[in-house]
Undergrad: 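Let me begin by handing over the structure; questions about it come next.
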Amino acid sequence: MTKPEQSITNEYKDRNCKNTRNLRSWTIAWVVSMAVAAFAPKYIWDFHTLLTIIAVVLSLAIGFGMLLANRVYLRGLDEMQQRIMFDAMGLSLGVGLVVGLSYELLEDIKLISFQPEIAHLVVIMCLTYLGGVIAGHRKYQ
Amino acid sequence: MKNRLKVLRAERDWTQAQLASALDVSRQTINAIEKGKFDPSLPLAFKTARLFNMTIEEIFQDDVSD
């Protein structure tokens, strides 16, 4: 039986690196477009309606591009890596739902005095997702 | 599920990375399968069997005793 040629058939690693780079580029572009849509109307073009609409639509379009890049990235992973991501996403969604609703409730029942922000929930979901991915990798190590 | 992947790989003097490349998966996945921490899907088990010119049963065994 012939020996698998590592240099020739390292297709998985190359594909994964390419998909990761692609996703990273889309993510950076989306973050920049979000920053433009959030701050440029106030600091650059004084709430010019047309420019603001263009910035928001552009941000949405780039956001969808990022989602498609994420889809390609996830489909390019092997079955164990997909399982790790799937478990982490499930955990993140669950924690986001439970913590998000409870967090929103805190203001309604006057346990906190400030307005709950969606950004806080996003941070919690991101940290949970990150923790889930790390835990998944440790589990199969 | 138990498997003989590590033994079969060692017999052929392949590294985990080389086997991973041949099966189009990551080296971490091969490591997890060898350690019995991850059970491969049926398509991956068939692919592994084809690579070693063996049947799936010759590589993977159910560790539940009857």
Side-chain angles (χ1 to χ4, degrees), chain A residues 1-27 68-94 126-141, chain B:
Chain A
M1 193 181 304
T2 55
K3 194 171 182 175
E5 292 296 329
Q6 191 173 351
S7 56
I8 298 170
T9 57
N10 216 343
E11 206 177 297
Y12 174 81
K13 204 173 174 184
D14 294 343
R15 188 179 62 234
N16 198 21
C17 284
K18 186 183 154 215
N19 290 343
T20 305
R21 278 198 303 271
N22 190 36
L23 178 59
R24 185 179 59 202
S25 302
W26 275 103
T27 306
L68 292 176
N70 193 37
R71 186 167 168 256
V72 170
Y73 169 76
L74 290 173
R75 288 188 171 191
L77 295 174
D78 69 33
E79 54 191 59
M80 191 189 78
Q81 306 287 344
Q82 282 180 346
R83 168 71 66 85
I84 291 171
M85 293 296 171
F86 181 76
D87 288 348
M89 282 190 279
L91 179 70
S92 175
L93 181 65
C126 286
L127 289 176
T128 309
Y129 183 69
L130 184 65
V133 170
I134 292 169
H137 277 103
R138 287 177 67 94
K139 180 182 170 188
Y140 294 115
Q141 219 168 33
Chain B
M1 192 163 68
K2 290 184 292 188
N3 68 79
R4 296 176 55 222
L5 209 57
K6 190 172 184 177
V7 174
L8 294 170
R9 181 174 62 77
E11 282 172 1
R12 287 154 182 82
D13 198 24
W14 294 347
T15 64
Q16 283 187 344
Q18 284 168 330
L19 181 57
S21 296
L23 294 175
D24 198 31
V25 296
S26 64
R27 193 197 57 76
Q28 288 81 2
T29 298
I30 295 298
N31 187 49
I33 294 171
E34 284 185 358
K35 287 184 172 177
K37 291 186 174 180
F38 179 75
D39 293 333
S41 66
L42 207 48
L44 183 56
F46 271 116
K47 202 173 179 181
T48 308
R50 266 199 306 274
L51 182 71
F52 287 109
N53 282 324
M54 300 172 103
T55 62
I56 288 180
E57 292 83 358
E58 286 174 308
I59 304 174
F60 301 98
Q61 293 91 34
D62 191 0
D63 57 1
V64 177
S65 53
D66 295 322

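Chain letters run A, B, ... following the sequence lines, proteins first, then strands; residues in each count from 1.
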Undergrad: Measuring from S41(B):OG to R83(A):CZ, what's the distance to the nearest 0.5 Å?
TA: 10.0 Å

Undergrad: As an exercise, state the distance from OH of Y12(A) to OG of S21(B), rounded to the nearest 0.5 Å.
TA: 11.0 Å

Undergrad: Do the side chains of K13(A) and S26(B) get nearer than 4.5 Å, heavy atoms only?
TA: no

Undergrad: Please flag which part of P43(B) lies under 4.5 Å from any non-hydrogen atom of chain A: side chain, backbone, both or neither.
TA: neither

Undergrad: Locate the shortest heavy-atom distance separating Q81(A) from Q28(B); write the atom from each residue and the value.
TA: NE2-CB, 4.1 Å

Undergrad: Check whether any side-chain N or O of K37(B) sits under 3.5 Å from a backbone N or O of Q141(A) as a donor-acceptor pair, and report yes or no.
TA: yes

Undergrad: When you compare the side chain of D24(B) with that of R15(A), does any pair of heavy atoms fall below 4.5 Å?
TA: yes

Undergrad: If you count heavy-atom pairs under 4.5 Å between each of L44(B), I33(B), N31(B), L23(B) and chain A, which one has the most?
TA: L44(B)

Undergrad: Taking atom NZ of K47(B) as the centre, report whether more than 12 heavy atoms of other residues, nucleotides or ligands fall under 6.0 Å from it.
TA: yes

Undergrad: Counting heavy-atom pairs closer than 4.5 Å to chain B, which one of D78(A), N16(A), L77(A) comes out on top?
TA: D78(A)

Undergrad: CZ of F38(B) to CD of E79(A): how many Å apart, nearest 0.5 Å?
TA: 4.5 Å

